[in-house]
Structure formats: structure tokens, C-alpha cells
Amino acid sequence: MPMSQDYDLYFTMLLIRRFEERALAEFSSGKLVGTTHAYIGQEADAAAIFSSIAQDDIIWSNHRCHGHFLAYGGDPYRLAAELMGKKTGLVGGRGGSQHIHWRNFFTNGIQGGIVPVASGMALAKKKLKSKDIAIVFIGDGTLGEGVLYESLNIASLWNLPILFVVENNRYAQTTPMEVAVSGSISARFEAFGIKTYEFESSDVLELRPGAKNAVDYVRENQSPAALILHTYRFSAHSKGDDTRDRETITSIRAKFDPLRIQASRLSAEELKKVESAVSILVDDAFLRASADPFPVLKP
Ligand SMILES: Cc1ncc(C[n+]2csc(CCOP(=O)(O)OP(=O)(O)O)c2C)c(N)n1
Ligand SMILES: [Mg+2]
């Protein structure tokens, strides 16, 4: 029996949440190598955007990429294996958390560095006269990178089919945005003549039509747009580096948890079913990946 759209969106968000919780736990037990940046709290952004894209669109994600990858339809097992540095990982265990690639999905952890690359790929799509677009994800902290503005300038001048997604989770590591980002975020894009869509919500059903409008605008007009999403990160920046007041985070979480909001629309039976399906997937991903071999490095 086909499940409802409400169910599918919740499935995506729950998969991200449980995968990230497990990744953080495995990190503490020493099974993961490198680093990991959990997407816990921001799940509705990914579920809304990735349910609005076309198959051949180009995606450029950043250091906080696991949620984007899973919402893209990526295999949790191949991602878990990559986080463990295993041969079966997405890029043979050499990329780790921040450097993954599968189909048209790419990530890189250098803040801002992905923006001109994504713009170039949008230009290639335009030259090929395809209707595909590029989508690039940045955080509030990345608004401080100069290369972003060079890219906005060219994207606007050359009418590139690219969507700039800003996930403003209000912090860059431990720096609150109030002390790092001046003026308004949308004005930065509008200064280059780029259309903006802006939302302050953790409700995937509010975000989804907005994300779809932004994606459709870029595709139909072959012009850039920005989707600015004000969101919350509930977990630490990376593994344990959180200097924020715990009580504030707990009360924000109680109010804005995207999973709690969407769960209220599912029946008890659906909730049981989705928990079980996700738990099987995540367990299988980490258990299989643990048993896999490391790559053999040739001298
Ligand atoms: C060019 C560059 N400078 C510094 C870093 C280290 N760094 C990694 S994530 C991060 C903060 C990013 O904040 P934001 O863009 O708001 O994204 P968020 O982590 O909040 O998702 C920093 C400073 C980096 N990866 N690249
Ligand atoms: Mg941030």
C-alpha cells in the first residue's frame, strides 16, 4: 500500500535523526574516523528541498552533509562505511564525513569553496540547454566568505540556474550570528538582483511549498534564487563542542522539533511502522559497515 506524503516526509526526517544519533554514539565509541557534523534539528529543511528536486539536478552540500545525502536518497550503509573509512564507503573510505560523492551529489567542507564550483556546474547545465539546476547549501557562518559574493555577481549577470540555500542555524561553531552577520541575509542576495524566498519554520509542510517554489523558479526562469531557512541546530557543532546554554536548547527543542511537529500528523500505527523501518535500516547500515574491510593503500 503506498504511504502518504506525510509519512514519506516523516520517514526522511526520522532516518536522518536516527542516523545522526547513531553516528554520534559510534563516534564516542571510537568507531568513526575524522569528524562528523550532525544535522539534528534541521531535518525539515532537507526533507522539504529534496522532495522538490529533479533527478539530474546537481547538489553541492557542505560539512553538515549527512542529512542532505540521506534526503537525496543516498544509502545509509554506504555513508556509514564512509564515516568509518571503509573500502565500501561512498568514495572508498577516503573522503570521510565531509567529502562524499554519489550520482549528482557532491560535498566539500571548505566553507564557501563549493559555491563557485556549483555555479560553474550550473553554467555547464545552461550551456547544454538542459532544464537541470544546481543547488548549493551554505550556513550563516559562510556568509562571511568573500567568494560567495563573487559567485552571486556572476550567477546574476549570467543568469545561472542555481539555488543558493542558506541554512541559518544561528551559529557558526560557537559564534552566534548576531556578532558575525550584519544587516539582513536576504538583502545580501537582493543587492545582486537575486530573488529570495525566506522562511522561519521547522514545519516541513510549511517549508515544502516554499522550497518547491524556489526550485521551480530557478528551473523555469533559468535564473538564480536564494532560499533562506531560519532553523535550529539541537546538537553540538561537531561532536561535543557546544558552549550554548543547555536549558535554552532544551526549550527551543521542545518548541521547534521538526519531528515532533510532523509526528503529530501520523497515526500511532504509522509511527510504529516508521520507527521500526528506520531502526532496521540504521542498524543494518552500521553493523554491515563495521564488518567491512579497510581499503588497502598502495605505497
Ligand atoms: C574556509 C573555512 N574556514 C573555516 C572552516 C572551519 N569551519 C568548519 S564549519 C565552520 C562553521 C560553519 O558555520 P555555518 O556556515 O553557519 O554552518 P553550520 O556549521 O552552522 O551548519 C567552520 C568555521 C572551514 N571548514 N572552512
Ligand atoms: Mg550556522
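Order of listing sets the numbers, starting from 1, for every ligand and every atom in it.
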Discussion item. Among Met177, His63, Gln173, which one puts a heavy atom closest to atom 17 (O) of ligand 1?
Written reply: His63
Those atoms of ligand 1 less than 4.0 Å from some heavy atom in [X]:
X      : answer
Asn169 : 18 (P), 20 (O), 21 (O)
His237 : 9 (S), 10 (C), 11 (C), 19 (O)
Glu145 : 1 (C)
Gly139 : 14 (P), 15 (O), 16 (O), 17 (O)
Arg64  : 18 (P), 19 (O), 21 (O)

Classify the side-chain pair [X]/[Y] by whether it contains a donor and acceptor separated by less than 3.5 Å.
X      : Y      : result
Asn169 : Gln42  : yes
Thr88  : Asp292 : yes
Glu167 : His230 : no
Tyr149 : Arg188 : yes
Lys239 : Thr35  : yes
Thr196 : Glu190 : yes

Worksheet item: Taking the six-membered ring of Tyr39, is NZ or CZ of Arg64 closer than 6.0 Å to its centre and within 45° of its axis?
Response: no
Worksheet item: Hey, does the Lys NZ or Arg CZ of Lys31 hover above the aromatic six-ring of Phe27, less than 6.0 Å from the centre and inside 45° of the axis?
Response: no
Discussion item. Applying salt bridge (Lys or Arg N to Asp or Glu O under 4.0 Å) as the test, list every pair that has at least one member in residues 88-100; sequence neighbours left out.
Written reply: none
Between [X] and ligand 1, does any nitrogen or oxygen pair lie at a separation below 3.5 Å?
X      : result
Gly141 : yes
Tyr171 : yes
Thr142 : yes

Response to the item:
Listed as residue and atom, the protein N/O/S atoms under 2.8 Å from the Mg ion (ligand 2) are Asp140 OD1, Asn169 OD1, Tyr171 O
Item to complete: Under 4.0 Å, heavy atoms only, figure out whether ligand 1 is touched by the backbone of Gln111, its side chain, both or neither.
Response: both
Worksheet item: Backbone, side chain, both or neither: what part of Asp140 comes under 4.0 angstrom of ligand 1, heavy atoms only?
Response: both
Sub-3.5 Å donor-acceptor pair from the side chain of [X] to the main-chain atoms of [Y], do we have one?
X      : Y     : value
Glu26  : Leu32 : no
Ser51  : Ala47 : yes
Gln262 : Asp6  : yes

Response to the item:
of all protein heavy atoms, closest to atom 25 (N) of ligand 1 is Gly109 O, 2.8 Å
